[in-house]
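I have placed the structure first, in the form of C-alpha cells, so that the comments after it can refer back to it.
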Amino acid sequence: MANDSAALRTVELYDTREGRQKPLEPRQSGHVGMYVCGVTVYDLTHIGHARVYVFFDVVERFLEHLGYDVTHVRNFTDVDDKIINRAEETGDDPLELSARFIEEFNEDMSALGVRHADHEPKVSECIDEIIEMNETLIERGYAYEVDGDVFYRVEEFDGYGKLSHRDLDEMEAGRSGRTEDEADDKKKHPFDFALWKSSEDDELGWESPWGWGRPGWHIECSVMSTKFLGECFDIHGGGSDLIFPHHENEIAQSEAANDCEPLANHWMHMGLVNVVSEEDDEVEKMSKSLDNFWTTRDVLDEFDNEAVRYFLLTAHYRKPITYSMDNLEEATQRVEYLYATLERIGERLTQLGHTEGDSLPDGELVGSVASTVTGFLPKFEAALADDFNTSEALAVLGDLAKAGNELATEVGSTNPNASPEDLAFSLVAIESHMRKAGSILGVLERPYAEALREIRNLKLQDRDITPEEIEELIAERKEARANEDYERADAIRDELVDHGIELMDKDWGTLWRAR
RNA sequence: GGCCGCGUAGCCAAGUGGAAAGGCAAGGGCCUGCAAAGCCUUGAUUCGUCGGUUCGAAUCCGACCGCGGCCUCCA
C-alpha cells in the first residue's frame, strides 16, 4: 500500500551512464519499471549471482515500501552457446538442460529470500519478437546479414560507447589480445556483434528470414525489456562486468530499433565478488579458471541462508565484496544477535504479562530509548534512499536492536526506571520496527526460535556431538548445580566448550549455542 | 595503451567540504556460584604518499605509490 508520507521521500540512485547519483524520477508517476539481467542457465549459480539478485530484491522491496508500484523483469537466457556446448557434453537436450538450471536458480534464490520477478521471460519464448527487432534494425540500416548471420553495425550508432565511456577507436587500439574467430571475417567492423547466428540443421534453432538459426547474446534483453517495460524505462541493473559489451550493445539495439532514449534512466551496476587467494592471501576475482569459485549451493550448505543474505548486504552494492569464512561467520553472528534480541524481547514481554498476539499495550516510549525508536524508520529509509546504502541501514538496525537489549536489561533489573506498561509498549515498538526493517531487507522474517535453532544446528554439523548429548549434559549439570557441586558443573561446561558449545543460564533454564 | 573504480583503526565497513557511523577482535566494568549472552566503557589528533585550493579536506585539484575491474564469455 502506498504510504503518503514515505512516498514523498526522494530516492537517489547512481547512474553508470552519467556517472553520478541523481533522483529517481519515474517516467510514469508512482510506477517504476526495472529490468535486471538474469543468468545464462547452464550451471549452478555462484555467490556473485546471489549478490545481484539479493540486492535488486531489496531495491524492489524498498521501493514498494515507499509506495511505488514496481514492475520487475528478470530474464533467463536459455539459448546460448555455453548451454549448447554443455548439453553436447552431457548428451542432454539444450532446452531441457536450461530448464533444469532454471529450477536450480529458483531453489537458490528462494533459499536466499529473493522473490520472483513480475516477469521472468526466456529467450526461447521470445523468438518471434527477436526476429522482428532484427528486421527493424536491418530496415533502419543498423544491421546487415552475411550468410545467415545478422550483425549489428556499431559505427552506425552515434552513441556507441556512451555507457562504458569509451570510443571505438580507443578500443580498437587496445584489442591486441583479442582472439580472432571466423565470424570476424564476416564483420564490417571488429566490434560489430551478432544479432542472429546461423545454426547447423541438427543444432538448436528456429526458422528465420535468414535461415535456420538462433539469437545472438545481447538481443534478448532489448526485446524482453521492450516487451514488458516499454521502449524506455527507469532502472536497468546487472553485474558491472556486463557494462561492456552487453549493456552497451543493449543500448545500441534498443535505442536504434525503438524511438526512445535513454533506454534506462538509471544503470545500476553491482560490484563483483572477490575471494582471498589461498596461496598469497591477495584478493582476486572469483572465477572458474582460478578455481576459487563458490556456488551459492555450497555456501548455503555451510552457512545460514539469512546470514548469507546479510553478508551480501554488508558492503555498498557498487563496491566489490570479499567472500571469506571470516566475513560469513561475522554475518552469522550478527544475524544471531538480531534474533537473540527478538528472543529476549519476547521473554521480557512474557515476564511483563503479555503474550504474543496481544493487542498493543498502551504506554509511552521509555526515555532512554525514545529517540532511537522514533528516529529509526526515518534514518533507515534515508540510508536506503541514498543509493541503497545497506551498510548504513544495517548499522541503524543494529542501534535499534541494542536499544531493545538495553530495555530488556532494564526489565530484568530489580528496580526498573519505567512502568511495566511503558516498558512493554517500548519493547513492542522496537520489535515491530525491527521486523519492519527486516521485511524491507529480507531478513528477520523467521520466528526467532526457529532461526536460532537452525543456525545452531547448522553449526553443529561439523561437531562431534549431537543435540541429544548436549541436552543430557545440561541435565546432568543442572543436577550438579542443584547440589551445589560446582566443580562437576564447571567440568561439564568445559567439556562442552571443547566441542564449541556455550551454555547460557537463564532464570528459567539453560540455553546452549554453537560458536 | 584506453576506460572505470578502490586504498579509512588488528580485521570488516559507512562517511565524499565544517567536530572520523556501525560491526568483529582486544582491554576494563556491571551482571553471574563461575561463565556465556547482554549492557556500559576504552581505542583512528587521523583517513596510501607528497604537494595545492580553501577560513576549513578523509572528502576538491595535481603528482606519485599500491590494488582491482572492464576493453574476449562472465553477475
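Naming: A, B, ... by sequence-line order, numbering from 1 per chain.
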Please report, to 0.1 Å, the donor-acceptor pairs under 3.5 Å made by any side chain of residues 507-515 of chain A, with sequence neighbours excluded.
unit_1	atom_1	unit_2	atom_2	d
A:T510	OG1	A:D505	OD1	2.9
A:W512	NE1	A:E471	OE2	3.0

Seminar exercise, completed: Contact check, residues 498-509 of chain A vs RNA chain B, heavy-atom distance under 4.0 Å, returns A:E502, A:L503, A:M504, A:D505
For this session: With sequence neighbours left out, write down each residue that passes side chain to side chain contact (heavy atoms under 4.5 Å, CB included) with A:K285, or none if nothing qualifies.
Result: A:L272, A:N274
For this session: Quote, to the nearest angstrom, the C1' distance that separates B:C50 from B:A14.
Result: 27 Å
Exercise. Does A:D490 make a side-chain donor-acceptor contact with the base of B:G33, cut-off 3.5 Å?
Worked result: yes
For this session: Name all residues meeting the side chain to side chain donor-acceptor pair (under 3.5 Å) criterion together with A:E88; count only those two or more places apart in sequence or in a different chain, and write none if there are none.
Result: none
Exercise. Under 3.5 Å, is there an N or O donor on one side and an acceptor on the other linking the side chain of A:R493 and the base of B:A35?
Worked result: yes
For this session: Taking atom types as modelled, find out whether A:E250 and A:H246 have a side-chain donor-acceptor pair closer than 3.5 angstrom.
Result: yes
Seminar exercise, completed: By the Watson-Crick or G-U definition, both distances under 3.5 Å, B:C55 is matched with B:G18
Between N or O atoms, less than 3.5 Å apart, protein on one side and nucleotides 25-30 of chain B on the other: list the pairs.
unit_1	atom_1	unit_2	atom_2	d
B:A25	OP1	A:Q333	NE2	3.3

Problem set entry | salt bridge (charged side-chain N to carboxylate O under 4.0 Å, His left out) contacts touching residues 36-56 of chain A (sequence neighbours left out) | A:D43-A:R86, A:D43-A:K288
Exercise. Which part of the nucleic acid, if any, lies within contact of A:G38, taking any heavy atom under 4.0 Å across all strands shown: a base, the sugar-phosphate backbone alone, or nothing?
Worked result: sugar-phosphate
Problem set entry | Proximity to the side chain of A:D241 - top-ranked nucleotide from B:A14, B:C70, B:G22 | B:C70
For this session: Would you mind classifying the nucleic acid contact of A:V497 as base, sugar-phosphate or nothing, using non-hydrogen atoms under 4.0 angstrom?
Result: nothing
Exercise. Considering heavy-atom distances to RNA chain B, does A:L272 or A:R166 have its closest nucleotide positioned more toward the 5' end?
Worked result: A:R166
Exercise. Whom does B:C39 pair with, Watson-Crick or G-U wobble, provided both distances fall under 3.5 Å?
Worked result: B:G29
Problem set entry | Separation of the C1' atoms in B:A19 and B:U59, to the nearest angstrom | 15 Å
Exercise. Think A:H165 has a side-chain N or O under 4.0 angstrom from the OP1 or OP2 of B:C3?
Worked result: no
For this session: Grab the OH-P distance between A:Y317 and B:C6 for me, whole Å please.
Result: 13 Å
Exercise. Does A:K285 make a side-chain N or O approach to OP1 or OP2 of B:C70 shorter than 4.0 Å?
Worked result: yes
Exercise. B:A13 base to A:H316 side chain: any donor-acceptor pair below 3.5 Å?
Worked result: no
For this session: Take atom P in B:G38 and the same atom in B:G51, then report the distance between them in whole Å.
Result: 46 Å
Under-3.5 Å N/O pairs linking protein and nucleotides 38-42 of chain B:
unit_1	atom_1	unit_2	atom_2	d
B:G38	O3'	A:N405	ND2	3.4
B:C39	OP1	A:Y337	OH	2.5

For this session: Starting from C1' on B:C3, measure out to CZ on A:R17 and report it in whole angstrom.
Result: 17 Å
Exercise. Roughly how far apart, to the nearest Å, are B:G48 and B:C67 at atom C1'?
Worked result: 11 Å
Problem set entry | Shortest side-chain distance from A:Y486, nucleotide among B:A14, B:G33, B:C73 | B:G33
Exercise. How about A:F56 and A:H72: are their ring centres within less than 6.0 Å of each other?
Worked result: no
Problem set entry | Under 4.0 angstrom between A:K319 side-chain N/O and B:G69 OP1 or OP2 | no
Problem set entry | Between B:C71 (P) and A:H246 (NE2): distance, integer Å | 13 Å
For this session: Measure the distance from CZ on A:F191 to C1' on B:C70 and round it to the nearest whole Å.
Result: 11 Å
Exercise. Checking all strands, does A:G238 fall into the base, sugar-phosphate, or nothing category for heavy-atom contacts under 4.0 angstrom?
Worked result: sugar-phosphate
Exercise. Using the P atom in both, what is the distance from B:G7 to B:C34, to the nearest Å?
Worked result: 47 Å
For this session: Would you kindly compare A:N327 and A:D80 by the position of their nearest RNA chain B nucleotide and give the one closer to the 5′ end?
Result: A:N327
For this session: May I ask you to say what A:R348 touches in the nucleic acid, namely base, sugar-phosphate or nothing, with a heavy-atom cut-off under 4.0 Å?
Result: nothing
For this session: Provide the full list of salt bridge (charged side-chain N to carboxylate O under 4.0 Å, His left out) pairs with a residue in residues 323-332 of chain A, sequence neighbours left out, each pair given once.
Result: none
Problem set entry | Ring-ring centroid check A:Y160 A:F191, cutoff 6.0 Å | no
Exercise. Among all residues two or more places apart in sequence or in another chain, which pass the side chain to side chain donor-acceptor pair (under 3.5 Å) test with A:S240?
Worked result: none
For this session: Take atom P in B:G28 and the same atom in B:A35, then report the distance between them in whole Å.
Result: 12 Å
For this session: Find the partner of B:G5: check Watson-Crick (N1-N3 plus N6-O4 or O6-N4) and G-U wobble (N1-O2, O6-N3) distances, both under 3.5 Å, and reply none if neither fits.
Result: B:C67
Exercise. Which of these passes side-chain contact (heavy atoms from CB on, under 4.5 Å) with A:K122: A:I102, A:V41, A:N75, A:V79?
Worked result: A:I102
Exercise. Counting side-chain heavy atoms from CB outward, which of B:C71, B:G22, B:A13 is closest to A:A315?
Worked result: B:A13
Problem set entry | Six-ring centre of A:Y53, A:R74 cation under 6.0 angstrom, axis tolerance 45° | yes
For this session: Check every strand shown and say whether A:R334 touches a base, only sugar-phosphate, or nothing at a heavy-atom separation below 4.0 Å.
Result: sugar-phosphate
Seminar exercise, completed: Here the distance between atom C1' of B:G69 and atom CZ of A:R51, to the nearest Å, is 13 Å
Less than 3.5 Å apart, which donor and acceptor atoms pair up between the side chains of residues 365-378 of chain A and the rest of the protein, not counting sequence neighbours?
unit_1	atom_1	unit_2	atom_2	d
A:T374	OG1	A:A370	O	3.0
A:T374	OG1	A:S371	O	3.4

Exercise. Expressed in whole Å, how much space separates the P atoms belonging to B:G15 and B:C55?
Worked result: 28 Å
Problem set entry | Any residue meeting side chain to side chain contact (heavy atoms under 4.5 Å, CB included) with A:A307, in chain and number order, not counting sequence neighbours | A:D304, A:T332, A:V335
Seminar exercise, completed: The residue among A:Y323, A:F303, A:F311 that forms ring pair (Phe, Tyr, Trp, His ring centres under 6.0 Å) with A:W294 is A:Y323
Exercise. Tell me: CZ of A:F388 to C1' of B:A14, nearest whole Å?
Worked result: 17 Å
Exercise. Ignoring hydrogens and angles, does a donor from either the side chain of A:R318 or the base of B:G5 sit under 3.5 Å from an acceptor on the other?
Worked result: no
Seminar exercise, completed: A:D386 atom CG is separated from B:U16 atom C1', nearest whole Å, by 11 Å
For this session: Write down the distance separating the C1' atoms in B:U54 and B:G17, rounded off to the nearest Å.
Result: 9 Å
Problem set entry | G-U wobble or Watson-Crick pairing nucleotide for B:G62 (cut-off 3.5 Å, both distances) | B:C50
Problem set entry | All pairs passing side-chain hydrogen bond (donor to acceptor under 3.5 Å, both in side chains) where residues 388-408 of chain A contributes a residue, at least two apart | A:Y337-A:N405, A:T341-A:N405, A:R344-A:N405
